[in-house]
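As structure tokens, the structure follows; a few thoughts come after it.
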Amino acid sequence: MQRTIRLFSYLFLFSLLASCRSQAPVSIPVPSPTVPPIVPPIELPALPAEQPTATPTPAPERAHYRLDTSLDYGNKTVSVDQTILYPNHSGETLNDLLLAVVPDLWPGGFTMTALSVDGTPISTYSLDGQKLSFALPASLAPETTLTVSLQYVLNLPFAEQQDPGVERPRIYGYTSRQVNLANWYPFIVPYEAKTGWVLHEPWYYGEHLVYEAADYEVNFKTDPGVVVATSGFAEPNGETTRYTLTAGRAFVISASPEFQVVSAQVGGVTISSYYFPLYESQGQIVLDVSSQAVELYSQRFGPYPHRTLAAVMGDFNDGMEYSAFYYLSRDFYNLYDGNPMNYLVFVAAHETSHQWWFERVASDQAENPWLDESLATYCERLYYETYYPELVPAWWPYRMYYYDPSAKMDIPVYAGAGFLPYTNATYFRGAHFLEDLRERIGGEAFFAFLQDYATQMDRKIATPQDFFAILRQHTGTDFSDLIASYFANSY
Ligand SMILES: [Zn+2]
């Protein structure tokens, strides 16, 4: 950091002097042996009394991740040279860092060969499961930055079969026809003033990670013939492709030599559907639903946050949302029968909506999973109301196939006692709550609230308190009985 400030000072001084010269051009008269040359006086602006070494480099709004990445598709290994420019917006002086390293959950899955902070090698660190922590060589004051550099190799796990007893889709790793890099790079977890670093334990279903918004530059290369779907906007750059993502939560890469792709434009957004051979009709349906959903949710909640959206067929058993990217299970493609009241359709509408309720407005997925999942499930209903209104009466009970009206929706992921009770509470009870709330306060206030919630919480991590505080800015109608019925906590 010191080096950065000194360099900045030199650059500042140099540019100041350079600009002095350019602002006061001097014409040199031809010298004469008798008349001394007349040189017009040059007015120099006063230089600062001291070099501005005390002026810190302004901290950028978000962290910046650069990932120079090489995927050896044949050997299923990934080599990464990574730098993180991290601004400390915590309001506190930080003396250590905590990074989530999910690939280290697999034995031998993550081998780090270099780690440094501002050029100082870090030889003492703790790498325990998904947690990489170390003391900083120097304290990081609020609103200053540091740069973490890492080099590592990922040895991808075989992910076609689930571990026994695990109900969540196993995405990270490879199958016989696909490599999926999800939560594949170390990232600095959010820091909260009272509780410190936020990194929850993984659970058998649902998600446990919490993401701050960050900017990404991923320079990626892999074997010839491998088709790549990512979270980023692609620009060819010689042997590599440069992908960029602004204010994203989680950068994902899916690669397969078998991928086929169809694309469409909605406004300024390029939407692409990646699928395996023999699934052309399903791939087109996913593209159509995603395009309709982006148009609908943009009108309802505000603009889609990125330039691209990739919808990707995945060799596992559910859908999953990431930045400008979502997966849909191969099972939904296999089950598709041409009927719009079908998992392929409503899960595509659901996952697309996570670009608002996950991506624009993030939340703690382990502690408050209802915050994004209730809204994403309710967005399925908005999709059908808009494009297939005649199906809503049949679709709603069909989708709520497992519904326990006594469940409380505000449970952490760890309290659901199984995948079905968990989804019943956070997805289905949550969607019922939103339907009752809309009926109670009226559609106009309901949608004004959702648009404002997306705007006020844009690029932030929302809490239930944020949700209800913004809701109450849009209605004076009493809904305390709904809170009592649907929530264990009082809000
Ligand atoms: Zn969801």
Side-chain angles (χ1 to χ4, degrees), residues 61-62 210-216 231-233 244-251 264-272 287-311 321-326 346 348-365 368 370-387 430-431 433-435 437-438 441-475:
E61 186 180 353
R62 293 178 290 274
V210 190
Y211 309 99
E212 286 190 324
D215 297 338
Y216 289 87
S231 295
F233 177 77
T244 48
L245 175 75
T246 303
R249 307 286 181 174
F251 194 104
Q265 293 281 327
V266 175
V269 182
T270 303
I271 301 173
S272 301
L287 179 68
D288 294 345
V289 173
S290 303
S291 302
Q292 290 172 317
V294 164
E295 194 160 7
L296 170 64
Y297 304 147
S298 299
Q299 290 168 3
R300 288 292 199 190
F301 314 132
Y304 177 81
H306 300 298
R307 298 173 72 175
T308 59
L309 173 64
E321 69 277 10
Y322 298 100
S323 293
F325 185 114
Y326 72 85
F346 57 73
H350 175 114
E351 300 301 344
T352 302
S353 80
H354 276 302
Q355 295 307 313
W356 284 262
W357 320 123
F358 163 86
E359 181 66 4
R360 280 190 58 182
V361 182
S363 49
D364 187 321
Q365 301 188 100
N368 305 303
W370 70 269
L371 266 179
D372 62 352
E373 293 303 353
S374 66
L375 283 165
T377 307
Y378 196 70
C379 281
E380 299 173 34
R381 182 182 174 111
L382 299 181
Y383 175 85
Y384 280 101
E385 283 181 8
T386 305
Y387 297 108
F433 164 68
L434 292 168
E435 174 67 1
L437 180 67
R438 177 183 175 185
I441 69 174
E444 197 175 323
F446 180 77
F447 287 110
F449 153 61
L450 287 180
Q451 180 133 18
D452 196 23
Y453 175 62
T455 304
Q456 290 196 41
M457 289 289 113
D458 196 20
R459 318 298 162 104
K460 297 178 184 166
I461 299 169
T463 64
Q465 286 74 21
D466 295 323
F467 180 94
F468 284 107
I470 296 170
L471 171 57
R472 290 193 171 96
Q473 291 168 12
H474 290 273
T475 183

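As the structure is a prediction and not an experimental result, all values here were calculated from the model. Counting from 1, the numbers follow the sequence of the chain as shown.
Leu382 is listed as a side-chain neighbour of Arg438, based on a closest heavy-atom distance under 4.5 Å. Between Phe233 and Thr246 there is no side-chain heavy-atom pair separated by less than 4.5 Å. Contact of the Trp357 side chain with the Glu321 side chain is not registered, since no non-hydrogen atoms from C-beta on lie closer than 4.5 Å. By the 4.5 Å heavy-atom criterion applied to side chains, Gln365 and Asp372 are counted as neighbours. Tyr378 is not listed as a side-chain neighbour of Leu437, based on a closest heavy-atom distance of 4.5 Å or more. Side-chain contact between Tyr387 and Asp288 is absent, with no heavy-atom pair separated by less than 4.5 Å. Looking at Tyr326 and Ser290, their side chains come closer than 4.5 Å, going by heavy atoms from C-beta outward. Side chains of Pro464 and Trp370 form a contact here, defined as non-hydrogen atoms less than 4.5 Å apart.
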Step-by-step side chain to side chain contact (heavy atoms under 4.5 Å, CB included) determination, Cys379 to Tyr297: CA-CA 8 Å; Cys379 281; Tyr297 304 147; 3.5 Å; yes
Chi angles and distances behind the side chain to side chain contact (heavy atoms under 4.5 Å, CB included) call for Tyr453, Leu471: CA-CA 8 Å; Tyr453 175 62; Leu471 171 57; over 6 Å; no
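Ser323 and Phe358 get closest at one heavy-atom pair: N-CE2, 4.1 Å. Across all non-hydrogen atoms, the minimal contact from Asp452 to His474 is OD2-NE2, 2.7 Å. Closest heavy-atom contact between Val361 and Ala462: CG1-CB, 3.7 Å. Here the closest heavy-atom approach between residue Leu434 and residue Ser374 is recorded as CD1-O, 3.5 Å. What you find for Glu359 and Arg249 is that their closest heavy atoms are O-NE, 2.8 Å. Contact between Val289 and Ala348 at its shortest, heavy atoms only, is CG1-CB, 3.8 Å.
Note that CG of Leu296 is 12.5 Å distant from OG of Ser291, once rounded to the nearest 0.5 Å. How far CG of Leu375 is from CG of Leu450: 6.0 Å, rounded to the nearest 0.5 Å. With rounding to the nearest 0.5 angstrom, the CD atom of Glu444 is 15.5 Å from the CZ atom of Phe449. Atom CD of Gln465 sits about 11.5 Å away from atom CD1 of Ile470, to the nearest 0.5 Å. Remark: Asp215 CG to Phe251 CZ distance equals 12.0 Å, nearest 0.5 Å. Distance check, rounded to the nearest 0.5 Å: CG of Asn368 to CD1 of Ile461 gives 11.5 Å.
A donor-acceptor pair under 3.5 Å is absent between the side-chain atoms of Gln451 and the main chain of Phe446, judged by distance alone.
Remark: Ala469 engages no residue in a side-chain contact (heavy atoms from CB on, under 4.5 Å) (not counting sequence neighbours). With sequence neighbours left out, Gln299 forms a side-chain contact (heavy atoms from CB on, under 4.5 Å) with Glu295. Evaluation of the side-chain contact (heavy atoms from CB on, under 4.5 Å) rule for Ser298 yields Val294, Tyr304, Trp356 as partners, not counting sequence neighbours. In this view, Gln265 and Thr270 satisfy the side-chain contact (heavy atoms from CB on, under 4.5 Å) rule, not counting sequence neighbours. Among residues two or more places apart in sequence or in another chain, the salt bridge (Lys or Arg N to Asp or Glu O under 4.0 Å) test is passed with Glu351 by none.
By the 30° and 60° cut-offs, the orientation of the rings of Phe467 relative to Phe433 is tilted. The aromatic rings of His354 and His350 sit perpendicular, their planes meeting at an angle over 60°, well past the 30° parallel limit.
Sorted by first then second residue, the salt bridge (charged side-chain N to carboxylate O under 4.0 Å, His left out) pairs that include residues 458-475, not counting sequence neighbours, are Arg360-Asp458.
Counting heavy atoms of neighbouring residues, nucleotides and ligands inside a 6.0 Å radius, atom CD of Glu61 does not exceed 12 of them.
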